[in-house]
Amino acid sequence: MDWSPAVETLVRELSRLPGVGRRSASRLAHHLLRCPEEQARALALSIQESRDKVRPCQCCGNYAEAELCPLCRDPRRDHGIVLVVEKPSDISAFESTGRYRGVYHVLGALLSPLDGIGPDRLNLAALRSRMEGGAVREVVLATPASTEGDATALYIQRFIPSGTSLTRLARGLPVGGELEYSDSLTVLRAYEGRIPA
Ligand SMILES: [Zn+2]
C-alpha cells in the first residue's frame with residue numbers, strides 16, 4: 001500500500017486491537033483522518049489519559065483512579081457478597097443486569113500451569129485479606145467453565161473460611177463462553193441459579 005508512513009503506522013496500530021482486522025483498521029484510519037480534528041484528538045487524549053490515570057483498585061482489582069474503585073466506595077452496594085471474576089470487563093456483564101448489588105473481586109488471570117501462570121500471578125492476596133475482615137457472607141465464583149477456570153475455582157475454595165458460603169454460577173453460559181459477550185438475561189439466570197461450590 002502506498003500510503004504515507006503515518007497512515008501506515010495508524011493502520012498497523014489499529015489492526016493490533018482485538019477483533020480488528022486489516023480491512024477494519026484501514027476503514028477506521030480513514031475515518032479518523034476525515035472526521036473533525038477535535039474528535040480524533042479527543043480519542044487520542046482519552047486513550048492516553050486512561051492509561052495514565054487508571055490503576056487497579058486496592059481492594060478488588062477493578063479499574064480505579066483512586067485507591068478504591070467506585071463500586072468499592074459505594075455504601076449502597078452489599079459488601080457482604082463478593083463475586084469473583086477473571087477480568088474487569090466481566091464486571092460489565094453483571095452490572096448490565098441491573099440486579100446484582102454486591103461487590104466484585106478481579107483476579108487478573110486464571111491459573112494455567114502449562115502457561116506458567118501460578119497463584120502468585122493472580123490477585124489472591126487481596127482476596128485473602130478481604131476474607132480475614134469477616135464481613136463477607138458469600139463468595140460467588142464466576143470463573144469461566146474451562147480447565148483454567150475450574151483449577152482457579154478449586155484453588156480459591158481452599159482458603160475460603162468455613163463460615164462464608166461459597167457458590168458458583170449455574171452453567172447457563174455457553175461452555176467456554178465469555179461473560180462479557182453474554183446477554184444480561186443469561187448472566188442474570190446464571191447468577192440467580194448459582195449453586196454451592
Ligand atoms: Zn474496587
Side-chain angles (χ1 to χ4, degrees), residues 18 45-112 117-146 148-170 173 177-184 186-192 194 197:
L45 188 67
S46 74
I47 293 172
Q48 196 169 7
E49 275 196 338
S50 60
R51 291 305 304 241
D52 288 345
K53 290 182 180 169
V54 176
R55 49 192 164 142
C57 169
Q58 296 288 298
C59 177
C60 76
N62 183 20
Y63 298 134
E65 291 185 31
E67 191 178 328
L68 296 178
C69 73
L71 292 165
C72 285
R73 282 202 312 266
D74 189 346
R76 292 163 304 174
R77 305 289 301 209
D78 181 350
H79 293 256
I81 302 184
V82 176
L83 202 146
V84 180
V85 295
E86 179 191 355
K87 47 198 186 306
S89 53
D90 295 333
I91 291 179
S92 317
F94 290 93
E95 288 303 290
S96 71
T97 66
R99 297 273 291 275
Y100 179 68
R101 299 307 300 155
V103 289
Y104 299 90
H105 194 84
V106 180
L107 297 170
L110 296 174
L111 285 182
S112 181
I117 303 177
D120 53 313
R121 296 268 298 274
L122 278 60
N123 182 22
L124 291 169
L127 182 59
R128 276 206 180 91
S129 58
R130 290 178 88 171
M131 293 298 112
E132 282 160 11
V136 178
R137 305 186 309 276
E138 180 178 351
V139 171
V140 186
L141 297 169
T143 49
S146 63
E148 292 81 6
D150 290 343
T152 307
L154 271 173
Y155 189 88
I156 292 172
Q157 278 177 7
R158 289 200 237 146
F159 64 79
I160 299 299
S162 53
T164 304
S165 67
L166 184 67
T167 54
R168 281 202 77 156
L169 291 189
L173 299 170
E178 294 261 350
L179 273 175
E180 58 185 312
Y181 302 124
S182 302
D183 67 275
S184 53
T186 306
V187 173
L188 187 63
R189 283 204 187 116
Y191 173 72
E192 289 186 336
R194 65 196 186 279

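Counting starts at 1 for both ligands and their atoms, following the listed order. These values consider heavy atoms only, across backbone and side chains, with no hydrogens, waters or symmetry-generated copies.
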Does CZ belonging to Arg99 count more than 12 external heavy atoms closer than 6.0 Å? no

With rounding to the nearest 0.5 Å, note down the distance linking CG in Asn123 to CD in Gln58. 9.5 Å

Relative to each other, are the rings of Tyr191 and Phe94 parallel, tilted or perpendicular (30° and 60° limits)? perpendicular

Quickly, which of Thr143, Leu122, Thr152, Leu110 forms a side-chain contact (heavy atoms from CB on, under 4.5 Å) with Glu86? Name it, please. Leu110

How about the Zn ion (ligand 1), which protein N, O or S atoms come within less than 2.8 Å? Cys57 SG, Cys60 SG, Cys69 SG, Cys72 SG

Pairs meeting criterion salt bridge (charged side-chain N to carboxylate O under 4.0 Å, His left out) with involvement of residues 149-158, two or more places apart: Asp150-Arg168, Asp150-Arg171

Minimum heavy-atom distance between Arg77 and Val103, given as atom pair plus value: CB-CG1, 3.9 Å

